[in-house]
Amino acid sequence: MRVTALTLYPVKSLEGVARDASPLDARGLRGDRRWGLVDASGGKVTAREVKGLLGLSADPEEQTGSEGAIRLRDRAGGSIVVAAPREATPIEVDHSGQGTARPAGPEVHAWISERVGTGLRLVWQDDASVRPVRRDRGGRAGDTNSLADAAPILLTTGSSLRQLNGWLAETGAAPIGHERFRPNIVVDGIEPFAEDRWDEVRIGDIAFHRTMVCDRCVMTTIDRHTLRTTKEPIRTLSRHRKWDGATWFGIRLAPDLPLPADAQLRVGDEVRASGGP
């Protein structure tokens, strides 16, 4: 098994950027989902509620020399650079286990709100934040999360996607890509859905543990090009991959701690797993 793709999502629910390699820390790929959107009351907002967020993208802005800075882009070619608001007064947010986050400036809030048609604020999870991975979601003592839903890393496999696309073809539905599921890591070289049974995973020299199989939501049904909501892949997953009242695709991982200071993942890394084939 090998890693075939790595994707970093600096802002939760915005499109991300492909990487050939990425440093790794306790919260996953370094810089992944450290930013998120909230409404005026601090309520978490994702593309589940505002699908226009998927029409925006974010990538690290390394030329500023400011760690944590990102550049937001829209599909018309507009962009804005956002520095990590390290001195901003924290505001209350309702990301579970987070409590507070630091807001970007009003010009950033206005830029995003104008493009998605509703008032939103961009917030940053600062370096001192410790957001535990919930025990009822498979977390272990010491596991910490970014602003991701339930664990710091999402992994999907090429074989499972090919199987899903085979099922879609049987119904006449168009094939979909991994981007519908927003994985950080894609691997290939195994049987479809063997990852469901993994407990421990080693990617290159780095050890991880599975926290849970990933339950999938309506966000996967949004076509990334048109931003229109469809019925797939949830309809087909419901026929083949439904239990406990949910549909499932991919697995969530957390790195074993402590990590080496130079921990890094690369496309092409060998993947070994226990509980799989």
Side-chain angles (χ1 to χ4, degrees), residues 3 6-13 16 22-38 42-48 68 90 92-102 123-157 181-187 195-204 206-217 219-220 243-261 263-265 271 273-276:
V3 174
L6 294 170
T7 305
L8 179 72
Y9 301 92
V11 182
K12 181 175 172 59
S13 279
S22 175
L24 186 76
D25 59 33
R27 291 183 261 205
L29 303 189
R30 187 169 299 163
D32 186 73
R33 294 176 173 91
R34 292 288 297 277
W35 299 82
L37 283 305
V38 298
K44 179 178 68 174
V45 178
T46 72
R48 301 177 188 96
E92 292 186 4
V93 297
D94 73 353
H95 297 78
S96 63
Q98 179 67 29
T100 64
R102 298 184 186 271
V123 298
W124 179 65
Q125 182 192 56
D126 65 31
D127 297 331
S129 294
V130 178
R131 184 179 178 229
V133 178
R134 288 166 42 179
R135 293 295 185 97
D136 63 348
R137 291 280 187 152
R140 298 179 182 177
D143 287 350
T144 189
N145 201 1
S146 61
L147 296 181
D149 281 343
I153 293 173
L154 178 63
L155 178 149
T156 61
T157 71
F181 300 101
R182 299 174 62 80
N184 298 111
I185 303 170
V186 178
V187 307
E195 64 273 18
D196 290 353
R197 303 186 298 274
W198 293 354
D199 295 316
E200 308 292 334
V201 183
R202 182 170 290 274
I203 302 175
I206 310 299
F208 301 82
H209 51 276
R210 188 196 69 184
T211 60
M212 62 179 291
V213 182
C214 186
D215 51 327
R216 308 312 315 205
C217 69
M219 194 165 160
T220 63
W243 61 84
D244 294 339
T247 56
W248 308 85
F249 192 92
I251 59 172
R252 301 187 192 275
L253 300 174
D256 290 357
L257 302 177
L259 284 165
Q264 187 167 198
L265 298 180
V271 180
S274 63

- Exam field: side chain Thr211 to backbone Gly138, donor-acceptor pair closer than 3.5 Å: no
- Show your reasoning for whether salt bridge (Lys or Arg N to Asp or Glu O under 4.0 Å) applies to Arg34 and Asp127. CA-CA 9 Å; Arg34 292 288 297 277; Asp127 297 331; 2.8 Å; yes
- Message: Please check this pair: side chain of Arg33 against backbone of Leu147, looking for a donor-acceptor N/O pair closer than 3.5 Å.
- Response: no
- Note on the structure: Between Ala101 and Val123, the two heavy atoms sitting closest are CB-CB, 3.8 Å
- Item | Main-chain N/O of Ser146 paired with Arg131 side-chain donor or acceptor, under 3.5 Å | yes
- State which residues pass side-chain hydrogen bond (donor to acceptor under 3.5 Å, both in side chains) with Arg210; sequence neighbours excluded, sorted by chain then number. none
- Calculate, to the nearest 0.5 Å, the distance between atoms CZ and OG belonging to Arg102 and Ser129 respectively. 8.0 Å
- Query: Is there a donor-acceptor contact under 3.5 Å from the side chain of Asp32 to the main chain of Tyr9?
  - Reply: yes
- Query: Run the side chain to side chain contact (heavy atoms under 4.5 Å, CB included) check on Gln125 and Arg27 step by step: do they pass?
  - Reply: CA-CA 11 Å; Gln125 182 192 56; Arg27 291 183 261 205; 3.0 Å; yes
Cut-off 3.5 Å, no hydrogens considered: what does the side-chain donor-acceptor table look like for residues 148-156, sequence neighbours left out?
residue: Asp149; atom: OD1; partner: Lys12; partner atom: NZ; Å: 2.7
residue: Asp149; atom: OD2; partner: Arg48; partner atom: NH2; Å: 2.4
residue: Thr156; atom: OG1; partner: His178; partner atom: ND1; Å: 3.0

- Item | Rounded distance (nearest 0.5 Å) linking atom CZ of Arg202 with atom CZ of Phe208 | 9.5 Å
- Closest non-hydrogen atom pair between Leu257 and Ala26, with its separation: CD2-CB, 3.9 Å
- Message: For a side chain to side chain contact (heavy atoms under 4.5 Å, CB included) check, start with the C-alpha distance between Thr7 and Asn184, then their side-chain angles and the critical distance, and finish with the verdict.
- Response: CA-CA 5 Å; Thr7 305; Asn184 298 111; 5.7 Å; no
- Item | Derivation and outcome, side chain to side chain contact (heavy atoms under 4.5 Å, CB included), residues Leu29 and Leu24 | CA-CA 5 Å; Leu29 303 189; Leu24 186 76; 4.1 Å; yes
- Task: Would you confirm whether Asp94, through its side chain, and Lys44, through its main-chain N or O, come within 3.5 Å as a donor-acceptor pair?
- Result: yes
- Do Val3 and Leu265 pass the side chain to side chain contact (heavy atoms under 4.5 Å, CB included) test, and can you show the C-alpha distance, the side-chain angles, and the key distance before you say yes or no? CA-CA 9 Å; Val3 174; Leu265 298 180; over 6 Å; no
Going by atom type alone, with no hydrogens or angles, which donor-acceptor pairs under 3.5 Å involve a side-chain atom of residues 243-256 and a protein atom two or more places apart or on another chain?
residue: Trp248; atom: NE1; partner: Trp243; partner atom: O; Å: 3.0
residue: Trp248; atom: NE1; partner: Ala246; partner atom: O; Å: 3.0
residue: Asp256; atom: OD1; partner: His209; partner atom: ND1; Å: 2.6

- Task: Of all the heavy-atom pairs spanning Gly31 and Leu8, show the shortest one and how long it is.
- Result: C-CD1, 3.8 Å
